[in-house]
**Student:** 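For reference, the structure I am asking about is given below.
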Amino acid sequence: KNRIDWVSFDLPDSFIISTILIILSSCTMILAKLFIKKDQRQLTSIFLVATLLLGIGFGYFQYRGIFIDLYNAGLFFAGAQSTVKASFIIGIAFAHLAHILAGIVVLFVVLYNHSIKKYNSSNILGLELGAIFWHFVDILWIYLFLFFYFIR
């Protein structure tokens, strides 16, 4: 049965921008992993920093989408003016933002360990585990974005 308060609305452009940034960040993480396997430390550093910056950009646009764009569109998480769909998307996006913050901490740890030369072509376990977490968060957001984009 359709709910009267499951209103249809367009996702904010901030969510589209953040989706592009998170996809790019996975690409840069893949490149960082590729270059550490070749012991090209400088290129690994560049792509790890790029991943971190793209991740921070993702977090910013998620924040903007949740707390500015949806609010300005009259969509609220709770209260008399809230709707089920708005509450659902804001709650899910906020939870995902928390995972991204954890991912950013992971990236800082990976960058630190890389800076003290912990990783090389024969020892990439920490970087690999950080990449797995980062890609999981990326794939999860893409799934959520597509779900919210196509559910009307």
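In what follows, every heavy atom counts, from backbone to side chain, and hydrogens, waters and symmetry copies are set aside. For the single chain, residues carry numbers from 1 onward in sequence order. Predicted model only: the values in this text are computed from it and were never measured.
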**Student:** Are side-chain heavy atoms of Phe145 and Leu11 found at a separation under 4.5 Å?
**Tutor:**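 With C-beta onward as the side chain, the pair touches.
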**Student:** So how far is it from Leu111 CG to Leu48 CG, rounded to the nearest 0.5 Å?
**Tutor:** 5.0 Å
**Student:** Membership question, hydrophobic clusters at under 4.5 Å side-chain separation (ILVMFWY): are Tyr60 and Phe15 in the same one?
**Tutor:**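 Same hydrophobic cluster.
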**Student:** Would Ile20 end up clustered with Ile104 when hydrophobic side chains under 4.5 Å apart are linked, directly or stepwise?
**Tutor:** yes
**Student:** Report the distance from atom OG of Ser14 to atom CZ of Phe61, rounding to the nearest 0.5 Å.
**Tutor:** 6.5 Å
**Student:** With rounding to the nearest 0.5 Å, note down the distance linking CG in Leu53 to CG in Leu24.
**Tutor:** 12.5 Å
**Student:** Does the Asp138 side chain pair with the main chain of Trp134, one donor and one acceptor, at a distance under 3.5 Å?
**Tutor:**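 Not confirmed, Asp138 side chain does not pair with Trp134 backbone.
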**Student:** Can you sort out the partners of His135 under side-chain hydrogen bond (donor to acceptor under 3.5 Å, both in side chains), two or more places apart, ordered by chain and number?
**Tutor:** Ser26
**Student:** Look at the side chain of Ser25 and the backbone N and O of Gly55, then say whether any donor-acceptor pair between them is shorter than 3.5 Å.
**Tutor:**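 Pair absent, no side-chain N/O of Ser25 close to backbone of Gly55.
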**Student:** Can you list the residues that meet the ring pair (Phe, Tyr, Trp, His ring centres under 6.0 Å) rule with Tyr112, with sequence neighbours excluded?
**Tutor:**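 None.
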**Student:** Hey, is CG on Asp13 packed in by over 12 heavy atoms from elsewhere, all under 6.0 Å?
**Tutor:**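 Open.
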**Student:** In the single-linkage hydrophobic clustering (I, L, V, M, F, W, Y; side-chain heavy atoms under 4.5 Å), do Phe108 and Phe136 co-cluster?
**Tutor:** yes
**Student:** Between OG1 of Thr28 and CD1 of Ile46, what distance do you get to the nearest 0.5 Å?
**Tutor:** 12.0 Å
**Student:** How long is the span from the CG atom in Asn120 to the NE2 atom in His114, to the nearest 0.5 Å?
**Tutor:** 10.5 Å
**Student:** Going by the rule side-chain hydrogen bond (donor to acceptor under 3.5 Å, both in side chains), which residues pair with Ser115 if we only count those two or more places apart in sequence or in a different chain?
**Tutor:**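 Counting only residues at least two positions away or on another chain, Ser115 forms no side-chain hydrogen bond (donor to acceptor under 3.5 Å, both in side chains).
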**Student:** Which residue pairs pass the ring pair (Phe, Tyr, Trp, His ring centres under 6.0 Å) test when at least one of the two sits in residues 17-45, sequence neighbours left out?
**Tutor:** Phe35-Phe47
**Student:** Does OH in Tyr63 sit with more than 12 non-hydrogen atoms of other residues, nucleotides or ligands closer than 6.0 Å?
**Tutor:**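 No, OH of Tyr63 has 12 or fewer neighbouring heavy atoms, counting only those of other groups under 6.0 Å.
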**Student:** For the pair Asp39 (side chain) and Ser121 (backbone), establish whether a donor and an acceptor sit closer than 3.5 Å, ignoring hydrogens and angles.
**Tutor:** yes
**Student:** Membership question, hydrophobic clusters at under 4.5 Å side-chain separation (ILVMFWY): are Ile132 and Met29 in the same one?
**Tutor:** no
**Student:** Of Ile100, Leu146, Ile22, Leu97, which meets side-chain contact (heavy atoms from CB on, under 4.5 Å) against Trp141?
**Tutor:** Ile22
**Student:** Roughly how far, to the nearest 0.5 Å, is OG1 of Thr51 from CD1 of Ile30?
**Tutor:**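 Here the interatomic distance stands at 9.5 Å.
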**Student:** Taking only residues two or more places apart in sequence or in another chain, which ones pass side chain to side chain contact (heavy atoms under 4.5 Å, CB included) with Phe94?
**Tutor:** Ile66, Phe67
**Student:** Kindly work out whether a path of hydrophobic side-chain contacts (I/L/V/M/F/W/Y, heavy atoms less than 4.5 Å apart) joins Ile23 to Leu144.
**Tutor:**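 Linked, Ile23 and Leu144 end up in one cluster.
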**Student:** Indicate the ring-plane relationship of His96 and His99, choosing parallel, tilted or perpendicular according to the 30° and 60° boundaries.
**Tutor:** tilted
**Student:** Under the salt bridge (Lys or Arg N to Asp or Glu O under 4.0 Å) rule, collect the residues that match up with Asp69, sequence neighbours excluded.
**Tutor:**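 In terms of salt bridge (Lys or Arg N to Asp or Glu O under 4.0 Å), with neighbours along the sequence ignored, Asp69 is linked to Arg64.
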**Student:** Applying side-chain contact (heavy atoms from CB on, under 4.5 Å), run through Thr44 and Leu127 and close with a yes or a no.
**Tutor:** CA-CA 10 Å; Thr44 302; Leu127 196 147; 4.2 Å; yes
